[in-house]
Each structure stands twice: as C-alpha cells, then as structure tokens.
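Remarks on the structure that follows.
Chain naming here is simple, since letters A, B, ... match the order of the sequence lines and numbering starts at 1 in each.
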Protein chains: 2
Amino acid sequence: MDKSKIENTEVEILNAAKEVFQQKGMAGARMQEIADKAKINKALLHYYYRSKQLLFEAVFKSAFTLLAPQLNKVLNDDSDLFEKITKFTDNYVSFVVKHPYLPNFVIQELNKNPEFIQRLRAEKHFPTIDTFKAQVTEAIEQGKIRPIEAEQLLINIMSLNLFPFMGEPLLMALINVDKTAYNKILLDRKTQVADFIINAIKI
Amino acid sequence: MDKSKIENTEVEILNAAKEVFQQKGMAGARMQEIADKAKINKALLHYYYRSKQLLFEAVFKSAFTLLAPQLNKVLNDDSDLFEKITKFTDNYVSFVVKHPYLPNFVIQELNKNPEFIQRLRAEKHFPTIDTFKAQVTEAIEQGKIRPIEAEQLLINIMSLNLFPFMGEPLLMALINVDKTAYNKILLDRKTQVADFIINAIKI
DNA sequence: GTCTATAGCCAGATAGAC
DNA sequence: GTCTATCTGGCTATAGAC
C-alpha cells in the first residue's frame, strides 16, 4: 500500500522523464538517465513509450496541460481586471516554486518546434485572449485605466511574471546577489509585480 | 579582395558556429552542420578549435561580449533615469532584430551552466548594479519616483524587454496573431515599454 | 512486465595524404 | 591549411531469455 507500489511503472517513467526533459530539453536528455531516475532499465522505456520522441511528447503535453490553466487565470477568469492581475502574480510565483523548470521547458521547446502550437490549439481549454481584450477595452472606456492595447498589457503581465524565473542566473549576476537573496526578491514579487502593473495603467 | 577572401577560415567557422549554436544550443548543435554552413569539412573545425566544447565556449563568450554592453546601457550609462529607460527599450529592440537568437542563447546556456557566471565576472566590463542603484535611491529621495527597490525595477525593465522575444511562440499563440502582426507589436514596444515603466514609477 | 545483451547508427575526434 | 577516410564512444532501439 506504499504510494510507490500503487503508482505503476508507466507513471514512474513519466515522472522521471518530466524531471530530465524539463531540465535538459529534448536534445540534452538521455534515456539512460530517465531509466536510472525511474529505477528501471532502458528497455522498459521503449516498452511503454516506443521511442524517445514519443516519451518527450507525452512530457511536453503534460507540461502544457499544467501551464495552460495558469495562463488562463489572466485571460479567462471573470473577476475584476485589477483583482485578476493581483491573483495571477501571486499564484504564478507559487506555481513556479512547485514546477521550477516547467515554463522555461515549454517555451524553449515551442521555440524549437513552433508547429506544436497548431496541435495545442486543437485541444480544449487552449487559452484565448477575447475575454481579456473585452475587459481591457471596457476598463478604458470607463476611464479606469489609461489607453493600452490588450495585447501589450498581456505581454507585460506575462513578461513580468515569467522572465524572473527563466532569466534567474543572468539576473542574479546583474543584481549581484546569491540564491538566498534572489529567492527573497522573487517572493516579494508576489505583491510587487501587481502593484507595478496597476500603477502603470490606472488613472 | 572579396570580403569572403579577406575573412579567414577561423572567422568563417566562428560565424557559422554562432548561427548553429545560438539556434540549437550546445546539446542540439551538430559539428557537421557548422562545417556545412562554413563550407569546409569537419576536420577543419577541430584543427582550429580542437573540440566542440571549445568552439561552443568561443561562441558563448562572443555572444556575452555583445550582450553585456546592451545591458550596461541601463546600468552604467550616466544619463537621467527616465531617459535611460527610454533609450534602452528603444535600442534593445533594434539589437534583437539584428541578433534574434542571442539573448535566449546566453540565458539558456547560463541556466545549464551557472558556473559560467564566475568566469564572466572576472572579465572587465561586466555589468554591475551600483550606479543604477544609487540613481534609483536618489530619484526616490527627490520625490521623482515612488519607492521601489532598484533590484525589482531592474528585473522589471529586463523582463519587459527580453521576454517578448524569448517567449515569442507562446505569446503569439496566446494573443492569437501571426508573425507579421506580432512583429508590429514588438516594434510598438520600442516606445510603449518605456511609457509603461515610467507610468508605473513616476509620482 | 522486466531484464541482459547487443545491434545499428550517428556524432565527435583523429590519422594521414596532399 | 585543407581534405578524405576512419576510429571510437555513446546513444537509441531491439532481440530474446525469464
């Protein structure tokens, strides 16, 4: 009744594969390392997933499925605009603490295979900007925020939230702090990023 | 007197290697592809650079040497704070148009080899935050901008400028536009990003 | 389903002719 | 300096025993 007995081999492999692929990417990942992490042998990887490519695709799909709802919190949650921004920046930091390599993995592999987008778009729950756009337009008309294109605002929100994690080593070097101090800075962003954005747009 | 006759083989190789490494990363790059691009054979790559690792390091160093002065424009240019932000966001877009894969390459390889930072720090012209920090502190004391930590402001400036390029496929999908429309949006950011930041901090 | 052993391929690196 | 040919190791994938 141990948890590891309940989870079957297929799941063990997928979890190990997530770790390795997300840290090393498709090109850098090694089937041997995944097998070692899953405490099985290489042959079993192929028994369950046929090829490295298919195992990778399972990992990628799973990663995107986890990331998409996070992004959707800005786009298709029906709370007030400022509240959404506040909740999103708070939530997102917590999400990345749990899955530190995931967003960067998704973005890098999308960069290398832009055609993945076509396939993802077919899935249900693929985020769309329409609701967010209407909300921004309305807030502008009501004089609540300065005029700004919804697309630009969305890019800004995403940038301010995703980049501090993706660019961590570079940013740590630039601001000249160690990992502990940098983590403190990231936690502060849970509230500071929303304040920054709201200050930028509110009238 | 053709340009390609003046440039020697070593430079041709480095240029080809830049293209391949910056697009595919260390793990994904192939020596054969670099040789093909440089219109020479694989043996010559080793003749000039000994190994893939050393060729990669030459490319990485060259890339960082190009990127560092760009980042320094925010940190150690002695113009006024608002003016710096404006100039930086304008310049940076132009820079990435010329070197589309470079910033992402540097960041990804730093993520995979955080120890590179130690070596880079030894170089002269490594960007430091001190001047920028003093400038932010002063602007706050003078009541020109709201209180904000210089580190957070720097992270915000970097995020808003670097991420729209690194996350292009993801952002294109989210805001549901094609490459042409997205490029237009990026060009608009030349001025919009600075406005956004200044609105966020000015009193 | 899980293992060991190995086939087969591909990439980095080298030898040696010119 | 530049080439062709080849070595060597490592990696994906499969065969086949249990």
Side-chain angles (χ1 to χ4, degrees), chain A residues 1-63 101 105 108-109 112-113 116, chain B residues 1-63 101 105 108-109 112-113 116:
Chain A
M1 289 302 159
D2 182 1
K3 193 173 173 236
S4 63
K5 301 277 178 184
I6 295 169
E7 287 179 345
N8 59 22
T9 307
E10 195 168 343
V11 174
E12 299 270 6
I13 291 174
L14 192 63
N15 286 335
K18 280 177 189 173
E19 273 190 63
V20 176
F21 277 121
Q22 288 180 20
Q23 286 184 48
K24 315 236 164 137
M26 172 62 179
R30 292 294 165 257
M31 295 296 265
Q32 186 61 61
E33 189 179 352
I34 296 172
D36 293 347
K37 271 223 163 67
K39 297 202 192 76
I40 46 110
N41 58 72
K42 273 194 297 176
L44 267 192
L45 298 181
H46 290 92
Y47 176 80
Y48 280 101
Y49 289 91
R50 267 204 70 77
S51 70
K52 183 183 179 182
Q53 180 64 29
L54 288 173
L55 178 53
F56 164 77
E57 284 173 22
V59 170
F60 182 82
K61 195 165 183 173
S62 152
Y101 299 99
F105 167 71
Q108 292 312 314
E109 297 302 332
K112 275 163 197 154
N113 315 286
F116 281 5
Chain B
M1 287 303 161
D2 182 1
K3 193 173 174 237
S4 63
K5 301 279 179 185
I6 296 170
E7 289 180 345
N8 59 22
T9 306
E10 194 168 344
V11 175
E12 300 270 6
I13 291 175
L14 192 63
N15 286 335
K18 280 179 189 172
E19 274 190 63
V20 176
F21 277 121
Q22 289 180 20
Q23 287 183 48
K24 315 236 165 137
M26 172 62 178
R30 293 292 166 259
M31 295 295 267
Q32 186 61 60
E33 188 179 352
I34 296 172
D36 292 346
K37 271 224 162 66
K39 298 203 193 75
I40 46 109
N41 57 72
K42 272 195 298 176
L44 266 192
L45 297 181
H46 291 92
Y47 176 80
Y48 280 101
Y49 290 91
R50 267 205 72 76
S51 70
K52 184 184 180 183
Q53 180 64 30
L54 288 174
L55 178 52
F56 164 76
E57 284 171 22
V59 170
F60 182 83
K61 195 166 182 172
S62 152
Y101 299 98
F105 167 71
Q108 292 312 314
E109 298 301 332
K112 275 163 197 155
N113 315 285
F116 281 5

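Rounded to an integer number of Å, the gap from A/Leu45 CG to D/dT12 C1' is 10 Å. In this structure, the NE2 atom of A/His46 is 5 Å from the C1' atom of D/dA13, given to the nearest Å.
Each salt bridge (charged side-chain N to carboxylate O under 4.0 Å, His left out) pair with one or both residues in residues 39-59 of chain B, not counting sequence neighbours, appears once here: B/Glu57-B/Arg119. Applying the side chain to side chain donor-acceptor pair (under 3.5 Å) test to pairs two or more places apart or on separate chains, those with a residue in residues 20-33 of chain B are B/Lys24-B/Glu33, B/Gln32-B/Asp36. Within the structure, the ring-ring contact (aromatic ring centres under 6.0 Å, His included) test picks out the following pairs touching residues 17-55 of chain A (sequence neighbours left out): A/Phe21-A/Phe56.
B/Ser62 meets the side-chain hydrogen bond (donor to acceptor under 3.5 Å, both in side chains) test with B/Lys18; sequence neighbours excluded. Residues that satisfy the side chain to side chain contact (heavy atoms under 4.5 Å, CB included) test with A/Ser51, not counting sequence neighbours, are A/Gln53, A/Leu54. Under the side-chain hydrogen bond (donor to acceptor under 3.5 Å, both in side chains) criterion, B/Glu109 pairs with no residue, sequence neighbours left out.
The shortest distance between side-chain heavy atoms of B/Gln108 and A/Gln108 falls below 4.5 Å.
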Reading 5' to 3' through nucleotides 4-11 of chain D, protein heavy-atom contacts under 4.0 Å coded B for base, S for sugar-phosphate only, - for none:
B------S

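No more than 12 heavy atoms of other residues, nucleotides or ligands shown are found within 6.0 angstrom of OH on B/Tyr101.
A/Tyr47 comes within 4.0 angstrom of a nucleotide base, judged by non-hydrogen atoms across all strands.
With a cutoff of under 4.0 Å to any heavy atom of chain B, the contacted region of DNA chain C is bounded 5' to 3' by C/dA11 to C/dA15.
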